[in-house]
Visitor: 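So that we are looking at the same thing, I have put the structure below in structure tokens.
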Amino acid sequence: MSDGSSFYITTPIFYVNDVPHIGHAYTEVAADVLARWHRQSGDDTWLLTGTDEHGQKILRTATANGLEPREWADRLVASAWKPLLETVDISNDDFIRTTDERHEVAVTLFLQKLYDEGHIYAGEYEGYYCVGCEEYKQRDELDEPLSGEYQGQLVCSIHSRPVEILKEKNYFFRMSAFQQRLLDLYESRPEFVQPESVRNEIVQFVRQGLSDLSISRSSFDWGIKVPWDPSHVVYVWFDALLNYTTAVGYGTDRELFERRWPAYHLVGKDIARFHAVIWPAMLMAAGLEVPHKVFGHGWLLVGGEKMSKSKLTGIAPSQITDTFGSDAFRYYFMRAISFGQDGSFSWEDLSARYQAELANGFGNLASRVIAMLQRYFDGVVPSPTTAASTEAEIAVQRSVADAASAAHAAIDRFAIHDALAAVWSVVDELNGYITEQEPWALAKDEADRERLQTVLYTAAEGLRALAVLLSPVIPKATSRLWAALGVEAALGGVTAQSLRDVARWGQLPAGVRVSQLEALFPRIDAAVAS
Ligand code: MSP
């Protein structure tokens, strides 16, 4: 994958009915880590995120707040969704809003094409609808509570709120016609939907048979107008899924579209079905390539339940970053949770990992090495010598090379946690190396000078490699470390370093001057962190 080729990765576009919580930030960070990794591996990378602004849910929220939906969306985008990207340090290349003109124009073209080619017909819809999900529901997806506020009513099993009964003239997309082609796709390209648990669920769902999809609504008008019948607006999911293509030139810039498309889609497993069933069927109907991959990650759980604002378990990302910083946020969620599985968030676990891994493990290593270079070599990185080299230095080099190749392989599988674990083995290796080589003891005897040079060069070169390997995950700390290593003038910035080449030993030029490094991950007052 990482061979200079196109790597176009997307997050879901988020509903602007509410402000972001750490579940949304989690998807953003994962996509960002993958994007940064690929960018630094030399791939033609593009990271897209954005907001989903049409539909009944947004309309109702805006109305409840006394605003026009567009005005409401503008406010939330500016006050909450764009700032989220700063809060967790996202390097997105674009931000699409479904109210952007470029999007609306291209959605109209897409729809007209499907209509002209016979994939869309008019019909009557009668069924249940959950506004929270913005989805039509089958009876077996609903609960009938025996007590409480909604006793005796049919409620959505996800939102625990009553569904509505819709009876409308609608336009339908002939999705049922794509059942076999979808099954063939899952069969011939097992990597198309991942992880396996999500893939199995999707295959089973499609095997049961597909109905046609109602893709328009006429009872409200907050949406993109159906081009041949402006009394209807396009169903919000049909509109939203198209963002992945409209943002990269579909219908407006063929060359750009061909360069970027297809994409890798990162989504929460709750919306994998839209992405792995409806979306490829839409693309097939339009004669476009299906995505490279739909990866459905797990949920962040708080107290054993999916964290959500509506269940009052929502935690704002800034609650974490204000105390721990954005790097710690990014590291923690990428390291502590197997990407693809659910993971429980706890303040205790976050604090413990911050202290043990970031502050004591990596932060201390960097501070110690820089401090010893200052103390024993006046801050100038010494040259290693062959005569003073031993097996121990070879072991350090080997550990960097092994970690780099394991991390590349893990990233190719979207196993971000495995990539981080592999890189962390270098942190442990270097800490062990320093403990064993005891540079402070070598410094006492002039006869050990060459050995001391070699040991500290090896430690500093190890730090150089770690800064590069970790920069997709903890960009702020690694750029501070890079600055302290004094290599910017000789090598360029840390994000300009190729991850393909990271293990080539000896890139740190002897003779550069290191500078003071404030603690990368300072101690956090226990009272604040709990
Ligand atoms: N607007 C649709 C997506 C359209 S994509 C064409 C939507 N938006 S959403 O605002 O509800 O965000 C859903 C996404 O937020 C999930 O798919 C997931 O990526 C993320 N998460 C929301 N809650 C989450 C958790 N508790 N845990 C992990 N991710 C969560 O659905």
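Each ligand, and each atom within it, is numbered from 1 in the order the structure gives.
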Visitor: Please state whether the rings of Phe345 and Trp347 are parallel, tilted or perpendicular, taking 30° and 60° as the class boundaries.
Guide: perpendicular

Visitor: Who pairs with Thr252 by side chain to side chain contact (heavy atoms under 4.5 Å, CB included), at least two apart in sequence or on another chain?
Guide: none

Visitor: Under 3.5 Å, is there a donor on one side chain and an acceptor on the other for Thr61 and Asn17?
Guide: no

Visitor: Work out which heavy atom in Thr98 is nearest to a heavy atom in Ile224; give both atom names and the distance.
Guide: O-CD1, 4.4 Å

Visitor: Give every donor-acceptor pair under 3.5 Å between a side-chain atom in residues 281-300 and any protein atom, sequence neighbours left out.
Guide:
unit_1	atom_1	unit_2	atom_2	d
Lys293	NZ	Glu191	O	3.3
His297	NE2	Thr27	OG1	2.9

Visitor: Taking any residue with a non-hydrogen atom under 4.0 angstrom from an atom of ligand 1, which ones do you get?
Guide: Pro12, Ile13, Phe14, Tyr15, His21, Gly23, His24, Thr27, Asp52, Trp237, Ala240, Leu241, Asn243, Tyr244, Gly268, Asp270, Ile271, His275, His297, Gly298, Trp299, Leu300, Lys306, Met307

Visitor: Under the ring-ring contact (aromatic ring centres under 6.0 Å, His included) definition, can you give me all pairs with a residue in residues 194-217, not counting sequence neighbours?
Guide: none

